[in-house]
Amino acid sequence: MQPTVSSFLTPLALKTAGAVLILSSLIDLIFMLWFPPETLVLEGSRWWLYATSQLVDRGLLPLVGIAFVVAGDWIKIVSTEDGGELGNNWRIGTFSLASLLGLIFILIIPFQLITNNDFKTQDLKKIGDEASQVQQGIKSNLQQIDALSKDKVKEQLVAIDKELAGGQAQGERLANLQLNKLLLTDPKKFAQKAEQNLQVQKQKRETQVSTRMIQTGVRTSLASFLLAIAYITIGWTGLRRVLK
């Protein structure tokens, strides 16, 4: 078959676009890992968790690139007489890359699930420890109030009432003044209210941590599973045909 202009340009365009997609996704991933957001604290396993998440988020782009390369090669095979004979090394390289990425995405699944669960346990423990410290602070405040003389308590109440009456206290300062007044006038009620607020905040934070970790781990694992299927299907099927 005599090759035409379109039979030459179409495979070339597809292969070029595919190669650009693969290389650009690799460069983008390297820059994301080399210059992570400053707000993130990435140490030890957290860096690997971030790295694998970024790889999964960008996993579709090289898949499309490989598909373009394979499609371009197929068009070249069916449109030229020697298309099926030349370029086997490139085909082996492309399908090997797909197989390797498929294996990587398979390994990411258990890593994401296990690591996210470990971090959830650590974060929940940290929340519990912080809540215990706040409880100790509440007890310490109550003991300090018990140790104060009536005149000292009265003096502090007068100062608080004066500031409240002035109307200058706003926001957090106003809330702290009201709590301090409650602490001085009714320590038992203050302790009950502080404990209730502490438990509400603790439960809210625990729910946020659990939900975030589950969503992150499951979402990334499912996406990684789908990408692994696609890469392995292309890679292994292609290698079997090329190496026949």
Side-chain angles (χ1 to χ4, degrees), residues 1-36 45-117 214-244:
M1 179 188 299
Q2 183 68 27
T4 63
V5 174
S6 61
S7 66
F8 171 76
L9 287 180
T10 302
L12 179 62
L14 286 172
K15 289 181 179 180
T16 302
V20 169
L21 286 173
I22 295 171
L23 291 176
S24 63
S25 61
L26 177 61
I27 293 171
D28 182 46
L29 178 63
I30 291 174
F31 270 86
M32 283 297 299
L33 297 181
W34 195 265
F35 303 105
S45 297
R46 289 189 185 273
W47 187 91
W48 285 105
L49 189 67
Y50 171 76
T52 54
S53 298
Q54 291 299 316
L55 179 59
V56 172
D57 289 343
R58 288 159 175 75
L60 187 61
L61 203 58
L63 177 63
V64 174
I66 290 175
F68 277 11
V69 172
V70 173
D73 192 57
W74 178 79
I75 292 174
K76 182 178 179 182
I77 291 174
V78 299
S79 60
T80 60
E81 294 179 356
D82 61 351
E85 301 296 330
L86 301 178
N88 265 351
N89 290 335
W90 285 101
R91 292 172 192 139
I92 292 174
T94 301
F95 293 132
S96 297
L97 175 62
S99 300
L100 176 62
L101 289 173
L103 177 61
I104 290 173
F105 284 116
I106 282 289
L107 296 176
I108 284 176
I109 298 173
F111 174 79
Q112 278 280 334
L113 293 174
I114 294 172
T115 307
N116 269 290
N117 187 65
I214 290 173
Q215 288 178 343
T216 302
V218 172
R219 181 190 68 82
T220 305
S221 297
L222 284 176
S224 185
F225 175 71
L226 294 175
L227 288 169
I229 291 177
Y231 278 111
I232 289 174
T233 300
I234 294 174
W236 292 4
T237 302
L239 284 175
R240 282 202 305 268
R241 292 185 176 275
V242 170
L243 297 177
K244 275 185 178 180

key: Thr220 side chain vs Gly217 backbone, donor-acceptor pair below 3.5 Å   = no
request  = Nearest 0.5 Å please: distance from the CG atom of Leu100 over to the OH atom of Tyr231.
outcome  = 10.5 Å
What donor-acceptor contacts under 3.5 angstrom involve side-chain atoms of residues 58-69, with partners at least two apart or in another chain?
{"from": "Arg58", "atom 1": "NE", "to": "Asp28", "atom 2": "OD2", "distance (Å)": "2.6"}
{"from": "Arg58", "atom 1": "NH1", "to": "Gln54", "atom 2": "OE1", "distance (Å)": "2.4"}
{"from": "Arg58", "atom 1": "NH2", "to": "Gln54", "atom 2": "OE1", "distance (Å)": "3.4"}

inquiry  = Using the side-chain contact (heavy atoms from CB on, under 4.5 Å) criterion, which residues pair with Ala19? Sequence neighbours excluded.
reply    = none
Determine all donor-acceptor pairs shorter than 3.5 Å in which one atom belongs to a side chain in residues 103-113; sequence neighbours excluded.
{"from": "Gln112", "atom 1": "OE1", "to": "Asn116", "atom 2": "ND2", "distance (Å)": "3.0"}
{"from": "Gln112", "atom 1": "NE2", "to": "Leu49", "atom 2": "O", "distance (Å)": "3.4"}
{"from": "Gln112", "atom 1": "NE2", "to": "Thr52", "atom 2": "OG1", "distance (Å)": "2.8"}
{"from": "Gln112", "atom 1": "NE2", "to": "Ser53", "atom 2": "OG", "distance (Å)": "3.1"}

inquiry  = Suppose we screen for side-chain contact (heavy atoms from CB on, under 4.5 Å). Which residues come up paired with Ile229, at least two apart in sequence or across chains?
reply    = Phe225, Thr233
ask   = Which pairs, with at least one residue in residues 10-26 and sequence neighbours excluded, count as a salt bridge (Lys or Arg N to Asp or Glu O under 4.0 Å)?
value = Lys15-Asp73
query = salt bridge (Lys or Arg N to Asp or Glu O under 4.0 Å): which pairs involve residues 93-113, sequence neighbours left out?
reply = none
inquiry  = Can a donor-acceptor pair be found, under 3.5 Å and without considering hydrogens, that links the side chain of Ser25 to the backbone of Ile22?
reply    = yes
query = side-chain contact (heavy atoms from CB on, under 4.5 Å) with Ile75: which of Leu12, Leu14, Val70?
reply = Leu14
From Leu29 atom CG to Ser24 atom OG, the distance as rounded to the nearest 0.5 Å = 11.0 Å
request  = Kindly write out the residues that satisfy side-chain contact (heavy atoms from CB on, under 4.5 Å) with Val242, not counting sequence neighbours, or none if the list is empty.
outcome  = Asn88, Arg91, Ile92, Phe95
ask   = Quick one: side-chain contact (heavy atoms from CB on, under 4.5 Å) partners of Trp236, sequence neighbours excluded?
value = Ser99, Ile232, Arg240
